[in-house]
Amino acid sequence: MLVQQLVNGVSLGAIYAVFAIGFTLVFGVMNVLNLSQGAVFMWGAYVGLEVVRTLALPLPLAILAAATAAGLLGVLSEVLVFRPLQRRGAHRWMGMVGGLALARILIGLAQEIFGTQVVRYPDNALAGAALELLGARLQLLQIVAIGAALLMVIALAALLRYTNVGRAIRTVAFSENVARLVGVPVDRIRLMTFFVSGALAGGAGVLWSLLFQSVSPFMGDGILLKGLTVLILGGLGNIVGALVGGVLLGLVEVASVVVVGSGYRDAVGFGIVLLILLTRPTGLFATRETTRA
Amino acid sequence: MTPLLELRSVSRHFGGVAALSNVSFSLPRGAVIGLIGPNGSGKTTLMNVISGVDAPTDGAILLDGAPVQGLPANLLARRGIARTFQHIRLIPDLTALQNVTLALRTPSAGALDILLRLPRLGRIERDRRACGLKLLDQVGAGQHADTLAGGLSYGDRRRIEIARALASEPRLLLLDEPAAGMTHSERTSLRDLIAGLPERGLTVLLVEHDMDLVMGVCDEIHVLNQGNSIASGKPEAVRSDPKVIEAYLGAEDA
Amino acid sequence: MTDLFYAYHNVIDLCLLNSMLAFGCFILLGVNLFSLATGGLMAIGAYLSIWLTMQQGWSFAPALTAALVAASLAAFGLGSLVLRLRGDYFTMATLAFTEVVRIIALNWDSVTGGALGVFGIPQLTETWQLAGLLALVIYLIWAVRHSAVGERMRAIAADELAVSTAGHDVARFKLALFTASGAIAGLGGGLAAHLNMFIAPGDFGFLRSVDTVIAPVLGGVWNLAGPVIGASVLVVLPEALRFSAQMREILIGVTMLAVVLFLPAGLVGLPKLSRRRAAS
Amino acid sequence: MASVTLSRRAVLTIGGAVALSGSAVFAQTTRVAKIGLVQSTTGGSAALYGIQQKQAIELAFAEINAANTLKDIKLEAIHADDGADRGQTVNIFQRLIRQDKVVAILGPTLSNSAFAADPIAQQAGIPVIASSNTAPNLTKMGDFIFRTSIPEDQVFPTVLRYAVQKRGIKKVALIYGLDDALTRGAHDVQKKAVTELGLEQVGIESYQRGDVDFSAQLTKIREQKPDAVILGTLAEEAAAILRQARQLGFDDKITFIGCNANISAKLFDLAGPAADGIIVGASWFEGYDSPRSKAFVAAYQKRYGSSPDIYAAQGYDAAYLLAEAIRRADDVTNSRLTRDKLASISDFEGVLGRFGWSADRDATVQPKVLIGDGKSKVFVAAATS
């Protein structure tokens, strides 16, 4: 049972991590808390679903399409909400409310277009397959989810570390003014960051709905709260922290079901956030980057 | 007689960087002490550590012989340390007068006075206003009392910030580059103002780049370079100290 | 005429109640605190007050007072722990508090009835009480803002460091404001519980907290009319847009976004803006 | 902003024109019975049931008006969406009663909303028929409150007894939605029935609305080795649980017993073959073999292109019951008379079967034990002998 629960926790946490990394990236680079991220996640899931169902394209293409579409939604949120607010020097809560408003519009549109019913991805070869490991059943889908999560994180890390774009992103994260002085096209880098962040959310949306076979216009609300929790666990703007924090939250939730009882599952997550904040006011993995917050 | 303030091997590290290392000196009562050094030598860090905006990593700060290092800024202000900032920190959407009365130590109205708008409230606020106006007049900014601080000139804001520091009835006043951005005539009146402070029982620690001003009003000068105290003494002595000259020239080289 | 009043009776009640609650967030926004604790604090006031009126036979006024005191104490305790957190960490901590309270309420059957809620609550909240208490809250905040304390609030919003070097204990000041906002939330919780005969833990979660803090942001954070306008718009908008059942959510979102983007001072800035447009 | 006002005005104008032309056609000879239809069409999962009921009721009204069943009386539904938000439900009830002067109200969608809004109708003497509220004690709020939705406690004990007899169940585990009044109410009934039958209860797990990962709870349940798992869940959650249980390698011998809310085509859409063998009890199911029910399913499918669920069926019967009461009262404004006539109906033949009211104005219908057939994706009646 223990091994099974570990599997359960890690695969859940892996998706939390992918979502939260996109979330934390935008925070780390631009100091923006984009509360429309949950709705972007939901749209990613629907786009992937439509690609698989209507266009009958294979899954990897669906993930790609979903990530691209969600990335564009991320870009939209920057162009429509965050850039005008930043230009105006608006208070950060304006950005938070703007993000919530955008999420409301995106959810309303999804209801209009896709209806309110819960739907799922069509069955494929992956859905039923599972292998036995140390007395636990490891579904192929779980392996895919964990693998895809790792892949996305490694790709992002490589992007940030080894490419010019990555260096530019890190410069903007350090200071937008410095970036401008050394000739980094800050506006473009911001757009790219929003794109990457949205794409991660969209990718997480497809993985999520594959694993749990559930797509609905409201699926982003829950993950938004989880993403915020992971953000705190990992330290705002800390990418490695988001990865570790995501997996940790998955494990904590599973552990709370086993130890405390499922009625307190979410309370344990939030309780731990409170405890961590009271002992380490900038999160579990506070680093130089996070001191900006 | 114990000095008003005494620093004993005060250090402040940021990560691996030592912004201050083992700085020791004392401020005798009623003196105007200059603190100079090239940019980045640790002057503002020292101001922050003394005023409680920052805490020293190591060492002791004694106020009237009692250790005060690490106390929060508001408590140190209550115990008589007031300061101005290198980058002026007036509240732009309050008037000049409101900025000054913010720091007054005369009793402000109690909760009941405010909530029930008792007649006492008007009297108290009138008294505070009078106190604030007096301070503004002293620094020569009385005519701006009811102007929003955000709309005033640089020199005026500098003077109003000094008035605010004086409003808390300090014994020790820390001035961080008060002459920056002032015109020549403003500097002259600033010099007179600072020179007159000891008579009112104040001790002053002055950080300033304007050497004429420093040499003109300071009884004693301490020189910092890269977080270390490199020289101290009478203005004339410091001016000719080869270490000081080298520090400044070296800094200009870089 | 009376029929018209009764037709919109609950709309009026909700405008008044939500405006009052919005003031709890308004005073915190005034010192740059974006708190999501409202839901949790309201829950404390709501459940305590109905326990007192339904189980202990207390009358309404003392029960409301108890709700106010209990939520203030809770806010005081919470505030002493979380107010030292910066910015978004503070917001998250208050959100965690609200969610933890909600989940405890969900599991604490004997008091809250779990998800089934408590029904048959005596309908003691009257429109005139809501109006009177709202007026009182507005008066008190007005009085504070027009005093040296109000100046200190504005100063803290602009520059905390300057205020603390001027000799003021900013932390204590914020704690006092947070406690006051707890009092408003507790009072509002007690009034809300006795308004519609029924409450359930879901009434006091994340959404309630978000709606309450959005109201002053939409209405205007610097103007006393802001919370009233913001909260009323949030109550009336779903009613006014009911003609378009399907587009309603989208239109509410668009309205919120438009305010955020085009009215930096909130809805209270609208007349000024249109005057400027007309003049130019 | 301008375009919004404009379109609103346009809507009002068109609406007014339609109303005008309508009254012109039916001039003098036609009376209109205005009926409030309070169903959530937005606001999360509640919208799922709300839309089904709204559609079924509108279908019923259209049929009744077209067939001239009520002679010169036409039924007019005034629909309002409360967004599953209780405050709005109260707003709507007050407006419908005081401004639109409806003679009766059908709804609201959620039990929680009913507890807040129904007392207003009770006070004003307006009859209310609920078709999806299943919370216990709902109709005890007053003698104007009726419901066609069968509360769980009328169904579940029969279902559990059936399962015990047929499958020899001794140990059970329960799982339910903690923060939803409907699932929580179902769970309470289930727990009571388990105790009354003397079954061993090896574990209780819960989750919150929006959760889609049940693997931790199911892994725990698997360790407790129950003979049956009892679901106090909505259809989509039941589907996810069934599916994930299969994936976790649950023994085929473990029986899943569901609740009222699971009777939905959605269950099979989402769970696929995993729904095979689930036992549920209900007042109605899509394959119910009665002429009335078959006609309803066909008409619903024709009009909306999708299958009705149990809430649609209950809504449809509520609409016909109200129409019958209005017919008997022969009055379109006297709500007290309508209420009395409604209460007097005792032998109504509805989609749910033969219908009557209990002393508390709850529907009394023979509960049906159903078994999920994952291959043909329907529920079939169990042989209850």
Side-chain angles (χ1 to χ4, degrees), chain A residues 27 31 33 35-36 39 80-81 84-85 88-112 217 221 224-225 228-229 231-232 235-236 261 263-278 280-283 290-293, chain C residues 25 29 32-34 36 78 81-82 84-109 114 157 205-207 210-211 213-218 221 230 246-264 266:
Chain A
F27 193 97
N31 199 19
L33 197 60
L35 294 181
S36 71
L80 194 67
V81 183
L85 288 180
R88 197 176 83 200
H91 204 284
R92 65 181 294 109
W93 59 55
M94 282 293 187
M96 288 161 82
V97 176
L100 285 170
L102 183 62
R104 210 157 171 168
I105 297 169
L106 290 175
I107 293 170
L109 281 173
Q111 275 179 275
E112 278 295 282
D221 300 349
L224 184 69
L225 290 185
L228 286 167
T229 309
L231 226 57
I232 296 300
L236 293 166
Y264 288 95
R265 178 172 174 159
D266 289 359
V268 171
F270 281 114
I272 285 181
V273 161
L274 266 180
L275 276 183
I276 286 177
L277 284 179
L278 296 181
R280 296 188 61 116
T282 52
T290 61
T291 51
R292 285 159 48 102
Chain C
C25 288
L29 289 170
N32 284 333
L33 292 171
F34 194 87
L36 293 176
L78 177 68
L81 294 174
V82 304
R84 64 201 173 90
L85 300 173
R86 301 254 140 225
D88 295 338
Y89 289 102
F90 167 80
T91 304
M92 267 308 293
T94 53
L95 165 63
F97 165 77
T98 291
E99 282 295 296
V100 169
V101 169
R102 183 180 69 87
I103 294 165
I104 290 173
L106 273 174
N107 285 285
W108 194 1
D109 276 13
F206 173 63
L207 282 181
V210 168
D211 276 354
V213 76
I214 282 181
V217 175
L218 287 185
V221 184
Q246 298 310 316
M247 294 294 285
R248 193 161 68 142
E249 280 295 295
I250 300 172
L251 290 176
I252 294 173
V254 169
T255 312
M256 280 167 56
L257 195 55
V259 172
V260 165
L261 290 177
F262 304 118
L263 297 173

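So you know, we letter chains A, B, ... as the sequences are listed, proteins then strands, and number each from 1.
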Below 4.5 Å from any heavy atom of chain C, which atoms of Leu33(A) appear? Answer side chain, backbone, both or neither.
side chain
Scored by heavy-atom pairs under 4.5 Å with chain C, the best of Gly99(A), Pro84(A), Gly98(A) is Gly98(A)
Enumerate the residue pairs fulfilling salt bridge (charged side-chain N to carboxylate O under 4.0 Å, His left out) with a member in residues 99-110 of chain A, sequence neighbours excluded, ordered by first and then second residue.
Arg104(A)-Glu249(C)
Closest contact, heavy atoms only, Leu35(A) versus Ala103(A)
O-CB, 4.0 Å
All heavy atoms of Met92(C) vs all of Leu228(A), minimum pair found to be SD-CB, 3.4 Å
For Gly108(A), does its backbone N or O pair with a side-chain atom of Arg248(C) as donor and acceptor, under 3.5 Å?
no
For the candidates Ile103(C), Asn107(C), Leu257(C), which exhibits the highest count of non-hydrogen atom pairs separated by less than 4.5 Å from chain A?
Asn107(C)
Any pair counted as salt bridge (charged side-chain N to carboxylate O under 4.0 Å, His left out), so long as it reaches residues 263-273 of chain A, sequence neighbours left out
Lys226(A)-Asp266(A), Glu253(A)-Arg265(A), Arg265(A)-Asp213(D)
So, the part of Phe90(C) with a heavy atom under 4.5 Å from chain A: the answer is neither
Mind ranking Leu109(A), Leu102(A), Val273(A) by heavy-atom pairs under 4.5 Å with chain C and telling me who comes out on top?
Leu109(A)
Under a 4.5 Å heavy-atom cut-off, does chain C meet the side chain of Leu231(A), its backbone, both or neither?
neither
Considering only heavy atoms and a distance below 4.5 Å, find which of Val259(C), Val82(C), Asn32(C), Leu95(C) pairs most often with chain A.
Asn32(C)
Are Asn31(A) and Arg92(A) close enough that some pair of their side-chain heavy atoms sits under 4.5 Å apart?
yes
I'd like to know which of Thr94(C), Leu85(C), Val100(C), Val221(C) tops the heavy-atom pair count under 4.5 Å against chain A.
Leu85(C)
Cut-off 4.5 Å, heavy atoms of chain A, and the answer for Val210(C) is side chain
Where does Val268(A) contact chain C at under 4.5 Å (heavy atoms): side chain, backbone, both or neither?
neither
Contact check, side chains of Thr91(C) and Trp93(A), non-hydrogen atoms, under 4.5 Å
no
